[in-house]
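Just so it is clear, the model here is predicted, and its values are computed rather than measured. These numbers come from the heavy atoms of this one structure, side chains and all, not from hydrogens, waters or symmetry mates.
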Amino acid sequence: MPIADYDTPMTFTERYSRQVLFAPIGAEGQKKLALSRVAVVGCGATGSAVASLLARAGVGTLCIIDRDYVEASNLQRQVLFDEQDAAESLPKAIAAARKIAAFNSEIVVEPQVADLTPANIAELLGEAQLVLDATDNFETRYLVNDYCVEQGRPWIYAAAVGSYGVTMNILPGETACLACVFPAPPRGVVETCDTSGILNSAVNLVASIEATEAMKFLVGAQDKLRRTLLSFDVWSNERSEIATAKPRPDCQACGARDFVHLAGDARPHITMCGRNSVQIHERHRPVDFAEMTARLSPHGQVRHNDFVLKFLREPYELTLFPDGRAIIKGTTDAAVARSLYARFIGS
Ligand SMILES: [Zn+2]
């Protein structure tokens with residue numbers, strides 16, 4: 001249903017009544033939310049939680065971008081997915097859109113099964129007025145930072161690993177950007193959920209803070225936006241805040257406006273993707289799943305739906321997307337992954 005229908009009785013009188021009663025939002029704020037367009041980059045644990053909160057809160061259009069598919073190990077913390085999604089290996093963006101439609105059919109969700117890259121970032125984030133980080137890697141965060149600083153677009157950094165969460169609002173032209181605070185990827189946060197585990201409560205806290213800051217921004221409560229890098233550990237109860245109200249004058253991104261990540265010169269086409277997986281996204285290669293299934297069947301177990309094709313050939317599992325991108329599980333060796341791809345998909 002188009003967002004222009006937001007004043008139908010169900011939406012405003014019933015669905016959002018408790019949120020409208022909250023004075024800083026009110027009926028005016030609720031209308032602003034309904035007319036808002038937000039991009040969520042990544043739909044794992046943080047993305048699921050933040051998209052779920054904002055969808056329920058009535059943000060009119062959510063663009064959800066994710067490159068991955070649902071697995072059983074996601075269900076402990078990724079609140080938009082269920083066992084059926086994992087059994088079908090549904091792409092997370094698609095599964096998220098379906099789940100949201102079941103609890104709020106009055107907003108628009110645009111799922112994008114894609115890896116955010118310098119080549120597609122303008123198209124995927126172009127119309128969003130606010131960008132929410134829910135990725136699991138600094139490569140993508142620096143790319144989002146470059147794009148948003150260049151465009152003067154606000155975005156919110158959010159990360160969680162183990163029992164630790166960290167978040168920061170970036171208001172280009174006003175506050176520090178990600179590269180001001182982390183000129184290089186921080187050492188402490190490069191641990192991943194695959195190596196250090198993660199508490200679902202740490203993710204949900206960081207997502208709750210991110211969603212709240214997003215709502216403040218969208219209803220125009222700019223003066224209430226936090227201007228610090230906030231980190232906390234839900235297990236040890238340690239908490240810290242670092243002021244980010246002022247950009248660093250010698251920042252490469254917002255100071256020198258040298259957007260190296262956006263230029264994408266040094267970007268690898270083969271990337272690590274969680275533990276024991278390699279992603280290959282060398283070129284755009286549209287794939288016909290029916291044809292590919294026939295070709296691969298003699299070599300291993302193969303199945304597909306409209307969104308992904310899975311090819312199991314022990315000890316490897318290759319997941320292929322319609323645009324030719326692949327995630328190869330069972331190796332961390334780029335050469336092995338490249339050779340499997342060349343052998344079975346095409347060189
Ligand atoms: Zn900066």
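Of all non-hydrogen atoms in Ser201 and Val234, the two that sit nearest each other are OG-CG2, 4.0 Å. The two residues Leu80 and Ser52 make their nearest non-hydrogen contact at CD2-CB, 4.0 Å.
Under the 3.5 Å distance criterion, the side-chain polar atoms of Arg141 are left unmatched by any main-chain donor or acceptor of Asp133. Here the side chain of Asp66 pairs no donor or acceptor atom with the backbone of Lys92 at under 3.5 angstrom.
Between the side chains of Gln252 and Asp258, a donor-acceptor pair is found at a separation under 3.5 Å. Side-chain contact check for Thr244 and Thr175: no donor-acceptor pair (N or O, by modelled atom type) lies under 3.5 Å. For the residue pair Trp155/Asn145, the side-chain donor-acceptor check at 3.5 Å is satisfied.
For the pair Arg56 and Phe103, the cation-pi criterion (under 6.0 Å, within 45° of the ring axis) is fulfilled. Because its NZ or CZ atom is not both nearer than 6.0 Å to the ring centre of Tyr341 and within 45° of the ring axis, Arg338 does not count as a cation-pi partner of that residue.
Counting heavy-atom neighbours within 6.0 Å of Gln222 CD, excluding the residue itself, gives a total above 12. Shown here is Gln301, whose CD atom has no more than 12 heavy atoms of other residues, nucleotides or ligands within 6.0 Å.
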* Test side-chain contact (heavy atoms from CB on, under 4.5 Å) applied to Ile198 and Gln76, step by step -> CA-CA 9 Å; Ile198 183 146; Gln76 164 251 4; 4.2 Å; yes
* Please lay out, stage by stage, how Glu88 and Asn305 fare under the test side-chain hydrogen bond (donor to acceptor under 3.5 Å, both in side chains). => CA-CA 8 Å; Glu88 291 177 26; Asn305 56 29; 5.1 Å; no
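Each of Arg227, Arg226, Glu174 was checked for a side chain to side chain contact (heavy atoms under 4.5 Å, CB included) with Asn169, and the lone residue meeting it is Arg226. When Phe321, Phe289, Phe311 are each tested for a ring-ring contact (aromatic ring centres under 6.0 Å, His included) with His304, only one passes: Phe289.
The pair Asp85-Lys99 counts as a salt bridge, with a side-chain nitrogen and a carboxylate oxygen less than 4.0 angstrom apart.
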